[in-house]
Amino acid sequence: MTMPGMGPTPYIYIPLPPAVKELRLNDMWLARWSDADELPRGAPVNYVYALLYMGDKGYVIREKGTENWRSLEGAVEGESAEAWLKREAPARTGLTVGTTALIGFLECRPTKFNTEFPAGSFAVRPLYVVVAKKVADVPDDSPYERRRLPLNEHLAVMRNRYPEIREHMDAAAGRYVQMRAKGEA
C-alpha cells in the first residue's frame, strides 16, 4: 500500500528469523537453510548451485586439469539465477536446460575471514535441480569437462564434494527422483 502521490515502494530483502542450525561454509560464510519453491523478492543472490540430470543419469563437471568433480556452480552477477543457469549450462556442459526446480536456498552472512563482503550484509545461494532436454558435446573452447554418472554415483560425488550441505544435496536428488516418477522430468 502506498500513500497518494508516492510511487510503489521498492522491494527490500528482510532476512529470515534466526534459525536453529547454522552451517559454516569454508570459514567464509555462516548460512541458514530455507526450503523454498521460489526466491524471496529482492533476495541478493550472489552464487548458485545446480544438480544436472537427464533420464537416469546425473552430470558433473570440473575444470580441465583438475581432479574434483562438482555440480554446476558459480557467481551470479547482474542477472537472475535461472538466467545464469540457462546461459552457463550449455557453455560449461553442453546441456540444454529444460526444467529448473528450486529446492531451497542458503541465507549467508560473511564471517570475519570474508573480506569481500561487509559485516552485517547478506547473500543468498540457491540450490536448483536442472533437468536437461538435450545433450550436446561440451564446446571446444570451454575450460570445463563433463562426466555422466548413474544416479547413485552422482549422489555419492555430490555428498563428498559438499559435506556442509550434504542433506540438502540428498533432498535435491530425491526431488529429481520424484519429478521422474511424476513424469515432470
Side-chain angles (χ1 to χ4, degrees), residues 23 25-26 28-29 31 33 35-39 43 45-106 108 116 123-185:
L23 305 167
L25 304 177
N26 297 329
M28 300 298 276
W29 298 98
W33 176 259
D35 291 321
D37 291 337
E38 61 183 49
L39 291 171
V45 176
N46 76 335
Y47 202 85
V48 175
Y49 301 99
L51 298 184
L52 306 169
Y53 296 102
M54 185 173 179
D56 61 349
K57 303 292 184 197
Y59 292 85
V60 292
I61 64 170
R62 68 179 177 190
E63 290 185 35
K64 291 178 180 173
T66 63
E67 294 182 19
N68 296 325
W69 295 100
R70 61 183 182 172
S71 69
L72 176 62
E73 62 178 82
V76 175
E77 295 178 19
E79 62 185 325
S80 72
E82 289 193 15
W84 184 89
L85 289 171
K86 289 182 179 176
R87 181 176 52 79
E88 288 297 319
R92 294 185 187 193
T93 66
L95 300 174
T96 303
V97 175
T99 306
T100 60
L102 179 66
I103 304 305
F105 61 89
L106 293 163
C108 304
E116 292 181 42
V124 172
R125 293 179 167 212
L127 171 61
Y128 285 89
V129 167
V130 173
V131 181
K133 63 181 175 183
K134 181 179 165 189
V135 178
D137 291 336
V138 176
D140 292 335
D141 60 343
S142 176
Y144 297 94
E145 54 190 2
R146 168 191 83 207
R147 187 170 180 197
R148 183 180 70 188
L149 300 170
L151 293 178
N152 61 337
E153 289 181 30
H154 179 263
L155 183 55
V157 169
M158 293 298 103
R159 286 176 173 166
N160 290 333
R161 172 68 175 95
Y162 303 99
E164 300 96 348
I165 57 174
R166 178 183 183 156
E167 67 186 83
H168 310 303
M169 291 292 175
D170 289 348
R175 176 76 174 271
Y176 175 67
V177 171
Q178 289 174 354
M179 291 170 71
R180 283 197 65 203
K182 293 178 182 178
E184 299 170 359

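Although no hydrogens or angles enter the test, the distance criterion places a donor-acceptor pair under 3.5 Å between the side chain of S142 and the main chain of A91. Checked by atom type and distance alone, the side chain of W69 never pairs as donor or acceptor with a backbone atom of H154 at under 3.5 Å. Side-chain atoms of R161 never come within 3.5 Å of backbone atoms of R70 as a donor-acceptor pair (strictly under, hydrogens ignored).
Pairs of residues two or more places apart, or lying in two chains, never qualify as side-chain hydrogen bond (donor to acceptor under 3.5 Å, both in side chains) while including a residue from residues 172-185.
Considering only heavy atoms from C-beta on, L72 stays 4.5 Å or farther from Y59 through its side chain. Using a 4.5 Å heavy-atom cutoff, the side chains of D37 and L102 are not in contact. Taking 4.5 Å as the limit, some side-chain heavy atom of L155 sits within range of a side-chain heavy atom of D170. Using a 4.5 Å heavy-atom cutoff, the side chains of W33 and I103 are in contact. By the 4.5 Å heavy-atom criterion applied to side chains, Y162 and H168 are not counted as neighbours. Counting only heavy atoms from C-beta outward, the side chains of V157 and R147 never approach each other to under 4.5 Å.
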Checklist entry - Between V135 and R146, is a side-chain contact (heavy atoms from CB on, under 4.5 Å) present by the stated rule, with each step listed? => result CA-CA 11 Å; V135 178; R146 168 191 83 207; 3.7 Å; yes
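Atom CZ in R159 sits 5.0 Å away from atom CZ in R166 (nearest 0.5 Å). To the nearest 0.5 Å, atoms NZ (K86) and CH2 (W84) are separated by 14.0 Å. The distance from the CE atom of M158 to the CG atom of L149 is 8.0 Å, given to the nearest 0.5 Å. The distance from the CD1 atom of I165 to the CZ atom of R125 is 9.0 Å, given to the nearest 0.5 Å. Note that CG of L51 and CE of M169 are 5.0 Å apart. Values are rounded to the nearest 0.5 Å. In this structure, SG on C108 lies 7.0 Å from CG on N46, to the nearest 0.5 angstrom.
Residue Y144 comes nearest to V138 through the heavy atom pair O-CG1, 3.5 Å, listed as atom of the first residue, atom of the second, then distance. Nearest heavy atom pair, residue P126 against residue F105, reads CA-CB, 3.8 Å. For the pair S71 and A50, the tightest heavy-atom approach, listed with the atom from each and the gap, is CB-O, 3.2 Å. The two residues L85 and V97 come nearest to each other via the heavy atoms O-CG2, 3.8 Å.
Evaluation of the salt bridge (Lys or Arg N to Asp or Glu O under 4.0 Å) rule for R148 yields no partner, not counting sequence neighbours. The side chain to side chain contact (heavy atoms under 4.5 Å, CB included) search around P150 returns K57, N152, E153, not counting sequence neighbours.
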